[in-house]
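A short worksheet on the structure shown next.
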Amino acid sequence: MKPFNIEDVNRLSVALAQQEEPIVIVPHVNPDGDAIGSVLGLAAILRNAGKNVVVISPNHFPDFLKWMKDSADVVVYVNAREKAVKILAKASMLICLDFNHLSRTGEMKDLIENWKGQSVLIDHHPYPQGFTDLQFSHPDYSSTAELVFHLVKAMGFEQSICKEAADCLFCGIMTDTGSFNYNVSDPQTFKTVSELLSFGVNPEEIHGRVFDNYSIDRMKLMGHCLSECMEVFPEYHAAVMYLSKETQKRFNYQKGDSEGFVNMPLSIQGIHFSAFFTENDDQIKASFRSKGEFAVNEFATAHFNGGGHRNAAGGEVFSSLESTVERFRKLLPEYKKELIRTQQE
Ligand code: 5GP
Ligand code: MN
(Lines give C-alpha, C1' and ligand atoms only; values in the text may rest on other atoms or scores of the structure.)
(Ligands and ions follow the chains in the order given, each with its own letter.)
Protein backbone atom coordinates (compact mmCIF):
# COMPACT_ATOMS: atom_id res chain seq x y z
CA MET A 1 0.00 0.00 0.00
CA LYS A 2 1.11 3.53 -0.76
CA PRO A 3 3.19 4.88 2.13
CA PHE A 4 2.04 7.99 3.96
CA ASN A 5 3.55 11.33 3.11
CA ILE A 6 5.67 11.78 6.24
CA GLU A 7 5.48 15.56 6.09
CA ASP A 8 1.69 15.40 6.09
CA VAL A 9 1.74 12.92 8.98
CA ASN A 10 3.99 15.28 10.94
CA ARG A 11 1.81 18.25 10.07
CA LEU A 12 -1.28 16.45 11.33
CA SER A 13 0.36 15.27 14.55
CA VAL A 14 1.66 18.78 15.28
CA ALA A 15 -1.78 20.24 14.55
CA LEU A 16 -3.45 17.65 16.80
CA ALA A 17 -0.96 18.25 19.59
CA GLN A 18 -1.87 21.95 19.56
CA GLN A 19 -5.63 21.42 19.60
CA GLU A 20 -7.33 22.90 22.64
CA GLU A 21 -10.69 23.48 21.00
CA PRO A 22 -13.06 20.68 20.00
CA ILE A 23 -12.06 18.57 17.02
CA VAL A 24 -15.07 17.71 14.89
CA ILE A 25 -15.13 14.42 13.00
CA VAL A 26 -17.67 13.92 10.21
CA PRO A 27 -18.58 10.76 8.23
CA HIS A 28 -20.51 10.72 4.96
CA VAL A 29 -24.29 10.95 4.74
CA ASN A 30 -26.10 7.63 5.32
CA PRO A 31 -23.01 6.37 7.12
CA ASP A 32 -22.16 2.68 6.92
CA GLY A 33 -20.02 0.41 9.10
CA ASP A 34 -16.77 1.80 7.78
CA ALA A 35 -17.84 5.44 8.12
CA ILE A 36 -19.14 5.07 11.69
CA GLY A 37 -16.43 2.57 12.65
CA SER A 38 -13.64 4.90 11.51
CA VAL A 39 -15.21 7.99 13.02
CA LEU A 40 -15.90 6.43 16.43
CA GLY A 41 -12.60 4.51 16.43
CA LEU A 42 -10.63 7.69 15.74
CA ALA A 43 -12.75 9.68 18.21
CA ALA A 44 -12.03 7.13 20.97
CA ILE A 45 -8.29 7.16 20.25
CA LEU A 46 -8.08 10.96 20.23
CA ARG A 47 -10.16 11.17 23.42
CA ASN A 48 -7.84 8.65 25.07
CA ALA A 49 -5.03 11.01 24.08
CA GLY A 50 -6.79 13.81 25.96
CA LYS A 51 -8.44 15.56 23.04
CA ASN A 52 -11.87 17.08 23.01
CA VAL A 53 -13.71 15.41 20.14
CA VAL A 54 -17.26 15.76 18.83
CA VAL A 55 -18.68 13.53 16.11
CA ILE A 56 -21.33 15.07 13.89
CA SER A 57 -23.05 12.77 11.41
CA PRO A 58 -24.98 14.40 8.54
CA ASN A 59 -27.92 12.07 9.26
CA HIS A 60 -28.82 9.04 11.35
CA PHE A 61 -26.86 5.81 11.27
CA PRO A 62 -28.08 2.20 11.53
CA ASP A 63 -29.05 0.68 14.89
CA PHE A 64 -26.75 -2.29 14.31
CA LEU A 65 -23.80 0.10 14.79
CA LYS A 66 -25.07 1.58 18.04
CA TRP A 67 -22.97 -0.71 20.25
CA MET A 68 -19.86 1.27 19.35
CA LYS A 69 -18.09 3.32 21.99
CA ASP A 70 -19.72 6.72 22.49
CA SER A 71 -22.14 6.15 19.63
CA ALA A 72 -24.87 7.66 21.82
CA ASP A 73 -22.95 10.96 21.83
CA VAL A 74 -22.94 11.36 18.05
CA VAL A 75 -24.66 14.60 17.10
CA VAL A 76 -27.03 13.87 14.22
CA TYR A 77 -27.09 17.03 12.15
CA VAL A 78 -30.61 16.71 10.75
CA ASN A 79 -31.95 16.32 14.32
CA ALA A 80 -29.81 18.98 15.99
CA ARG A 81 -28.83 21.63 13.46
CA GLU A 82 -28.38 24.49 15.93
CA LYS A 83 -26.28 22.41 18.28
CA ALA A 84 -24.08 21.26 15.40
CA VAL A 85 -23.59 24.81 14.13
CA LYS A 86 -22.58 25.96 17.63
CA ILE A 87 -20.09 23.12 18.01
CA LEU A 88 -18.58 23.87 14.62
CA ALA A 89 -18.31 27.55 15.53
CA LYS A 90 -16.15 26.62 18.54
CA ALA A 91 -14.12 23.92 16.83
CA SER A 92 -10.74 24.51 15.27
CA MET A 93 -10.26 21.29 13.33
CA LEU A 94 -12.56 19.31 11.07
CA ILE A 95 -11.70 15.74 10.11
CA CYS A 96 -13.67 14.22 7.22
CA LEU A 97 -13.73 10.45 7.14
CA ASP A 98 -14.71 7.91 4.48
CA PHE A 99 -15.71 10.37 1.76
CA ASN A 100 -13.83 12.63 -0.60
CA HIS A 101 -16.48 14.76 -2.23
CA LEU A 102 -18.66 17.52 -0.76
CA SER A 103 -21.69 15.95 -2.41
CA ARG A 104 -21.40 13.13 0.18
CA THR A 105 -22.10 15.41 3.13
CA GLY A 106 -25.88 15.69 2.75
CA GLU A 107 -27.34 18.75 4.41
CA MET A 108 -23.98 19.64 6.00
CA LYS A 109 -22.54 20.54 2.61
CA ASP A 110 -22.62 24.32 3.03
CA LEU A 111 -21.21 24.16 6.55
CA ILE A 112 -18.31 22.01 5.44
CA GLU A 113 -17.71 23.93 2.25
CA ASN A 114 -17.55 27.22 4.15
CA TRP A 115 -15.49 25.86 7.05
CA LYS A 116 -12.67 28.27 7.89
CA GLY A 117 -10.63 26.24 10.39
CA GLN A 118 -8.12 23.50 9.67
CA SER A 119 -9.50 20.59 7.70
CA VAL A 120 -8.26 17.08 7.15
CA LEU A 121 -9.50 14.29 4.93
CA ILE A 122 -8.82 10.61 5.61
CA ASP A 123 -10.37 8.40 2.96
CA HIS A 124 -9.98 5.45 0.61
CA HIS A 125 -12.21 6.43 -2.33
CA PRO A 126 -10.68 7.24 -5.72
CA TYR A 127 -10.78 10.71 -7.33
CA PRO A 128 -10.68 13.05 -4.30
CA GLN A 129 -12.20 16.48 -4.83
CA GLY A 130 -9.48 18.14 -2.74
CA PHE A 131 -11.45 20.43 -0.43
CA THR A 132 -9.34 20.09 2.75
CA ASP A 133 -6.00 21.55 3.91
CA LEU A 134 -4.52 18.11 4.51
CA GLN A 135 -5.50 15.02 2.60
CA PHE A 136 -4.76 11.36 3.29
CA SER A 137 -6.30 9.79 0.22
CA HIS A 138 -5.39 6.10 -0.12
CA PRO A 139 -7.70 4.16 -2.46
CA ASP A 140 -5.53 1.07 -2.11
CA TYR A 141 -6.69 0.56 1.48
CA SER A 142 -9.53 -1.90 2.14
CA SER A 143 -11.37 0.65 4.24
CA THR A 144 -11.04 4.01 5.92
CA ALA A 145 -10.89 2.13 9.24
CA GLU A 146 -7.71 0.36 8.17
CA LEU A 147 -6.26 3.67 7.04
CA VAL A 148 -7.13 5.32 10.37
CA PHE A 149 -5.41 2.50 12.25
CA HIS A 150 -2.14 2.96 10.36
CA LEU A 151 -2.31 6.73 10.43
CA VAL A 152 -2.78 6.91 14.21
CA LYS A 153 0.13 4.53 14.60
CA ALA A 154 2.26 6.63 12.24
CA MET A 155 1.48 9.68 14.39
CA GLY A 156 2.56 7.87 17.55
CA PHE A 157 -0.90 7.38 19.08
CA GLU A 158 -0.59 3.61 19.43
CA GLN A 159 -0.69 3.88 23.23
CA SER A 160 -4.12 5.49 22.95
CA ILE A 161 -5.72 2.62 21.03
CA CYS A 162 -8.10 0.82 23.37
CA LYS A 163 -10.11 -2.37 22.81
CA GLU A 164 -13.29 -0.37 22.12
CA ALA A 165 -11.54 1.69 19.43
CA ALA A 166 -10.12 -1.51 17.92
CA ASP A 167 -13.69 -2.96 17.89
CA CYS A 168 -14.87 0.04 15.85
CA LEU A 169 -11.98 -0.18 13.39
CA PHE A 170 -12.38 -3.94 13.03
CA CYS A 171 -16.06 -3.38 12.23
CA GLY A 172 -15.12 -0.86 9.52
CA ILE A 173 -12.77 -3.32 7.84
CA MET A 174 -15.24 -6.20 8.22
CA THR A 175 -18.16 -4.32 6.68
CA ASP A 176 -16.21 -2.66 3.84
CA THR A 177 -14.75 -6.00 2.76
CA GLY A 178 -18.06 -7.90 2.89
CA SER A 179 -16.78 -9.90 5.88
CA PHE A 180 -13.35 -10.34 4.27
CA ASN A 181 -14.76 -11.34 0.90
CA TYR A 182 -13.44 -8.52 -1.30
CA ASN A 183 -10.76 -5.78 -1.18
CA VAL A 184 -8.63 -8.15 0.85
CA SER A 185 -6.05 -9.26 -1.68
CA ASP A 186 -3.33 -7.16 -0.03
CA PRO A 187 -1.80 -9.24 2.78
CA GLN A 188 -1.53 -6.08 4.85
CA THR A 189 -5.26 -6.09 5.54
CA PHE A 190 -5.07 -9.41 7.35
CA LYS A 191 -1.99 -8.18 9.22
CA THR A 192 -4.02 -5.13 10.29
CA VAL A 193 -6.83 -7.40 11.46
CA SER A 194 -4.34 -9.52 13.35
CA GLU A 195 -2.99 -6.41 15.10
CA LEU A 196 -6.53 -5.31 15.96
CA LEU A 197 -7.26 -8.72 17.47
CA SER A 198 -4.27 -8.24 19.76
CA PHE A 199 -6.24 -5.40 21.40
CA GLY A 200 -8.86 -7.96 22.41
CA VAL A 201 -11.35 -7.69 19.53
CA ASN A 202 -13.65 -10.72 19.31
CA PRO A 203 -14.48 -11.08 15.59
CA GLU A 204 -17.37 -13.47 16.13
CA GLU A 205 -19.01 -11.11 18.56
CA ILE A 206 -18.65 -8.08 16.29
CA HIS A 207 -19.89 -10.03 13.27
CA GLY A 208 -22.92 -11.16 15.26
CA ARG A 209 -23.72 -7.63 16.45
CA VAL A 210 -23.74 -6.38 12.87
CA PHE A 211 -25.10 -9.27 10.84
CA ASP A 212 -27.23 -11.32 13.27
CA ASN A 213 -29.27 -8.40 14.40
CA TYR A 214 -32.04 -8.18 11.83
CA SER A 215 -35.73 -7.71 12.42
CA ILE A 216 -38.32 -10.24 11.21
CA ASP A 217 -39.68 -7.54 8.88
CA ARG A 218 -36.26 -7.17 7.30
CA MET A 219 -35.91 -10.90 6.64
CA LYS A 220 -39.39 -10.97 5.08
CA LEU A 221 -38.58 -7.92 2.99
CA MET A 222 -35.46 -9.68 1.75
CA GLY A 223 -37.51 -12.73 0.74
CA HIS A 224 -40.02 -10.52 -1.03
CA CYS A 225 -37.35 -8.56 -2.91
CA LEU A 226 -35.62 -11.77 -4.02
CA SER A 227 -38.81 -13.37 -5.28
CA GLU A 228 -40.78 -10.38 -6.57
CA CYS A 229 -38.46 -7.44 -7.21
CA MET A 230 -35.40 -8.93 -8.88
CA GLU A 231 -34.73 -9.22 -12.59
CA VAL A 232 -31.82 -11.23 -13.90
CA PHE A 233 -30.24 -10.64 -17.29
CA PRO A 234 -28.04 -13.70 -17.85
CA GLU A 235 -26.92 -12.49 -21.28
CA TYR A 236 -25.37 -9.42 -19.63
CA HIS A 237 -24.30 -11.23 -16.43
CA ALA A 238 -26.31 -8.59 -14.61
CA ALA A 239 -29.24 -8.29 -12.25
CA VAL A 240 -31.35 -5.49 -10.82
CA MET A 241 -33.41 -5.32 -7.67
CA TYR A 242 -35.70 -2.49 -6.64
CA LEU A 243 -37.56 -1.37 -3.56
CA SER A 244 -40.64 0.79 -4.00
CA LYS A 245 -42.23 2.92 -1.31
CA GLU A 246 -45.24 0.63 -1.42
CA THR A 247 -43.08 -2.39 -0.57
CA GLN A 248 -41.34 -0.41 2.15
CA LYS A 249 -44.69 0.34 3.73
CA ARG A 250 -45.84 -3.25 3.50
CA PHE A 251 -42.78 -4.53 5.37
CA ASN A 252 -42.58 -1.69 7.89
CA TYR A 253 -39.27 -0.62 6.35
CA GLN A 254 -36.73 1.00 8.63
CA LYS A 255 -33.69 2.77 7.27
CA GLY A 256 -30.89 0.25 6.84
CA ASP A 257 -33.20 -2.73 6.34
CA SER A 258 -32.04 -3.15 2.75
CA GLU A 259 -28.35 -2.96 3.68
CA GLY A 260 -26.53 -5.68 1.75
CA PHE A 261 -29.42 -6.50 -0.62
CA VAL A 262 -27.41 -5.21 -3.57
CA ASN A 263 -24.84 -7.96 -3.03
CA MET A 264 -27.31 -10.83 -3.14
CA PRO A 265 -27.67 -11.22 -6.94
CA LEU A 266 -23.88 -11.60 -7.15
CA SER A 267 -24.32 -15.02 -5.55
CA ILE A 268 -26.15 -16.21 -8.67
CA GLN A 269 -23.91 -18.23 -10.94
CA GLY A 270 -22.60 -16.07 -13.80
CA ILE A 271 -23.83 -12.74 -12.36
CA HIS A 272 -21.14 -10.18 -11.70
CA PHE A 273 -22.96 -6.86 -11.98
CA SER A 274 -25.79 -5.94 -9.66
CA ALA A 275 -27.88 -2.82 -9.22
CA PHE A 276 -30.28 -1.92 -6.45
CA PHE A 277 -32.69 1.04 -6.62
CA THR A 278 -34.54 2.40 -3.62
CA GLU A 279 -37.43 4.80 -3.96
CA ASN A 280 -37.21 7.70 -1.48
CA ASP A 281 -39.43 10.77 -1.04
CA ASP A 282 -37.23 13.04 -3.11
CA GLN A 283 -34.97 10.78 -5.19
CA ILE A 284 -34.05 7.27 -6.24
CA LYS A 285 -30.95 5.97 -4.49
CA ALA A 286 -28.84 3.69 -6.63
CA SER A 287 -26.34 1.11 -5.43
CA PHE A 288 -24.06 -0.91 -7.68
CA ARG A 289 -21.76 -3.85 -7.07
CA SER A 290 -19.58 -5.91 -9.35
CA LYS A 291 -17.09 -8.70 -9.25
CA GLY A 292 -13.93 -8.46 -11.34
CA GLU A 293 -13.04 -5.74 -13.81
CA PHE A 294 -16.39 -4.10 -14.50
CA ALA A 295 -16.06 -0.59 -13.03
CA VAL A 296 -19.35 0.29 -11.37
CA ASN A 297 -17.99 3.66 -10.22
CA GLU A 298 -17.61 4.69 -13.88
CA PHE A 299 -21.09 3.40 -14.61
CA ALA A 300 -22.50 5.31 -11.60
CA THR A 301 -20.70 8.51 -12.61
CA ALA A 302 -21.79 8.29 -16.24
CA HIS A 303 -25.49 7.59 -15.62
CA PHE A 304 -26.49 8.02 -11.98
CA ASN A 305 -24.75 11.19 -10.65
CA GLY A 306 -22.57 9.08 -8.43
CA GLY A 307 -19.25 7.41 -7.93
CA GLY A 308 -17.41 5.14 -5.53
CA HIS A 309 -15.06 2.23 -5.90
CA ARG A 310 -14.56 -0.05 -8.88
CA ASN A 311 -16.64 -2.84 -7.32
CA ALA A 312 -18.97 -0.83 -5.05
CA ALA A 313 -20.54 2.43 -6.07
CA GLY A 314 -23.71 4.42 -5.78
CA GLY A 315 -25.55 7.44 -6.97
CA GLU A 316 -28.93 9.10 -7.13
CA VAL A 317 -31.45 10.17 -9.72
CA PHE A 318 -34.50 12.39 -9.60
CA SER A 319 -36.95 10.32 -11.56
CA SER A 320 -39.55 7.62 -10.95
CA LEU A 321 -38.56 4.14 -9.85
CA GLU A 322 -40.09 2.58 -12.97
CA SER A 323 -38.25 4.86 -15.35
CA THR A 324 -34.98 4.38 -13.47
CA VAL A 325 -35.21 0.60 -13.71
CA GLU A 326 -36.18 0.91 -17.36
CA ARG A 327 -33.19 3.15 -17.98
CA PHE A 328 -30.95 0.55 -16.37
CA ARG A 329 -32.38 -2.20 -18.59
CA LYS A 330 -31.75 -0.07 -21.66
CA LEU A 331 -28.17 0.70 -20.65
CA LEU A 332 -27.13 -2.94 -20.44
CA PRO A 333 -26.69 -3.55 -24.20
CA GLU A 334 -24.25 -0.61 -24.30
CA TYR A 335 -22.05 -2.42 -21.79
CA LYS A 336 -22.39 -5.91 -23.21
CA LYS A 337 -18.76 -6.04 -24.37
CA GLU A 338 -17.35 -4.99 -20.97
CA LEU A 339 -19.71 -7.28 -19.09
CA ILE A 340 -18.84 -10.30 -21.22
CA ARG A 341 -15.13 -9.50 -21.07
CA THR A 342 -15.27 -9.39 -17.27
CA GLN A 343 -16.74 -12.86 -17.20
CA GLN A 344 -13.91 -14.33 -19.24
CA GLU A 345 -11.22 -12.99 -16.92
P1 5GP B 1 -23.78 2.01 -1.12
O2 5GP B 1 -24.22 1.25 -2.31
O3 5GP B 1 -23.38 1.11 0.00
O4 5GP B 1 -24.70 3.11 -0.72
O5 5GP B 1 -22.46 2.76 -1.56
C6 5GP B 1 -21.32 2.06 -1.98
C7 5GP B 1 -20.21 3.04 -2.24
O8 5GP B 1 -20.59 3.83 -3.34
C9 5GP B 1 -19.96 4.01 -1.11
O10 5GP B 1 -18.95 3.55 -0.27
C11 5GP B 1 -19.53 5.25 -1.83
O12 5GP B 1 -18.17 5.13 -2.16
C13 5GP B 1 -20.24 5.18 -3.15
N14 5GP B 1 -21.49 5.98 -3.23
C15 5GP B 1 -22.72 5.62 -2.80
N16 5GP B 1 -23.62 6.56 -3.09
C17 5GP B 1 -22.95 7.54 -3.72
C18 5GP B 1 -23.34 8.82 -4.28
O19 5GP B 1 -24.50 9.22 -4.26
N20 5GP B 1 -22.33 9.54 -4.83
C21 5GP B 1 -21.05 9.10 -4.89
N22 5GP B 1 -20.12 9.88 -5.44
N23 5GP B 1 -20.66 7.93 -4.37
C24 5GP B 1 -21.58 7.16 -3.81
MN1 MN C 1 -15.32 2.93 3.33
Side-chain angles (χ1 to χ4, degrees), residues 26-42 58-59 61-62 64-65 96-107 109 121-129 131 136-149 151 168-179 181-184 189 192 210 240-243 255-266 273-278 280 282-290 294-319 324 328:
V26 178
H28 57 76
V29 70
N30 300 323
D32 56 7
D34 188 32
I36 292 295
S38 330
V39 157
L40 290 176
L42 179 61
N59 63 351
F61 57 98
F64 60 78
L65 300 175
C96 300
L97 287 191
D98 201 35
F99 66 94
N100 64 12
H101 210 276
L102 285 165
S103 64
R104 301 282 290 144
T105 53
E107 296 182 32
K109 181 170 177 284
L121 179 126
I122 305 172
D123 177 63
H124 72 134
H125 294 90
Y127 317 121
Q129 186 181 13
F131 58 92
F136 296 90
S137 172
H138 290 259
D140 51 348
Y141 272 74
S142 69
S143 51
T144 300
E146 184 176 11
L147 182 49
V148 164
F149 180 70
L151 190 55
C168 297
L169 298 179
F170 175 85
C171 179
I173 302 176
M174 177 186 77
T175 51
D176 251 29
T177 59
S179 303
N181 247 328
Y182 42 77
N183 293 338
V184 283
T189 303
T192 308
V210 174
V240 62
M241 204 186 266
Y242 42 85
L243 177 57
K255 207 159 170 67
D257 277 356
S258 55
E259 188 81 29
F261 284 15
V262 62
N263 292 301
M264 292 191 301
L266 295 180
F273 175 34
S274 166
F276 184 74
F277 297 110
T278 308
N280 294 323
D282 51 346
Q283 39 101 271
I284 305 292
K285 173 83 184 78
S287 278
F288 302 103
R289 297 291 185 274
S290 68
F294 188 68
V296 288
N297 51 357
E298 289 170 19
F299 184 84
T301 306
H303 307 288
F304 293 89
N305 307 307
H309 309 274
R310 187 182 67 187
N311 298 126
E316 60 179 351
V317 279
F318 303 92
S319 176
T324 306
F328 178 79

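Counting starts at 1 for both ligands and their atoms, in listed order. These values consider heavy atoms only, across backbone and side chains, with no hydrogens, waters or symmetry-generated copies. Residue numbers start at 1 and run along the sequence shown.
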**OP:** Kindly state whether the ring of Phe149 and the ring of Tyr141 have centres lying under 6.0 angstrom apart.
**Re:** no
Original post:
Asn100 and His124: side-chain donor and acceptor closer than 3.5 Å?
Top reply: no
Subject >> Check: Asp123/His125 side-chain N/O donor and acceptor closer than 3.5 Å >> reply: yes
**OP:** Would you mind telling me if ligand 1 is within reach of the side chain of His28, the backbone, both or neither, using heavy atoms under 4.0 Å?
**Re:** neither
Original post:
Heavy-atom distance to atom 20 (N) of ligand 1: which of Ala300, Gly306, Pro31 wins?
Top reply: Gly306
**OP:** Name the option, out of Gln283, Glu316, Arg104, that contains the heavy atom nearest to atom 18 (C) of ligand 1.
**Re:** Arg104
Subject >> His125 to ligand 1, any heavy atom closer than 4.0 Å >> reply: yes
Original post:
Does ligand 1 have an atom that lies less than 4.0 angstrom from a heavy atom of Arg289?
Top reply: yes
List ligand 1 atoms under 4.0 Å from [X], heavy atoms only on the residue side.
| X | answer |
| --- | --- |
| Ser287 | 1 (P), 2 (O), 4 (O) |
| Gly315 | 16 (N), 17 (C), 18 (C), 19 (O) |
| Lys285 | 4 (O), 15 (C), 16 (N) |

Original post:
Should the pair Phe288 and Phe277 be assigned to parallel (<30°), tilted (30 to 60°) or perpendicular (>60°) ring geometry?
Top reply: perpendicular
**OP:** Please work out whether the ring planes of Phe294 and Phe273 are parallel, tilted or perpendicular, with thresholds of 30° and 60°.
**Re:** tilted
Do [X] and [Y] have side chains that get closer than 4.5 Å, going by heavy atoms?
| X | Y | answer |
| --- | --- | --- |
| Met241 | Ser274 | no |
| Met174 | Val210 | yes |
| Pro139 | Pro128 | no |

Starting from [atom], locate the nearest protein heavy atom and write down its residue, its atom name and how far away it is, to 0.1 Å.
| atom | answer |
| --- | --- |
| atom 23 (N) of ligand 1 | Gly307 O, 3.1 Å |
| atom 7 (C) of ligand 1 | Ala312 O, 3.7 Å |
| atom 15 (C) of ligand 1 | Gly314 CA, 3.4 Å |

Subject >> Protein-derived N, O or S atoms lying under 2.8 Å from the Mn ion (ligand 2), waters excluded >> reply: 4
Subject >> Interatomic distance, His303 atom NE2 to Phe328 atom CZ [nearest 0.5 angstrom] >> reply: 10.5 Å
Only distances under 3.5 Å count here; give the side-chain donor-acceptor pairs of residues 257-264 to other protein atoms, sequence neighbours excluded, each with its distance to 0.1 Å.
| unit_1 | atom_1 | unit_2 | atom_2 | d |
| --- | --- | --- | --- | --- |
| Asp257 | OD2 | Gln254 | N | 2.9 |
| Ser258 | OG | Tyr253 | OH | 3.1 |

Original post:
Do Val148 and Leu97 pass the side-chain contact (heavy atoms from CB on, under 4.5 Å) test, and can you show the C-alpha distance, the side-chain angles, and the key distance before you say yes or no?
Top reply: CA-CA 9 Å; Val148 164; Leu97 287 191; 4.2 Å; yes
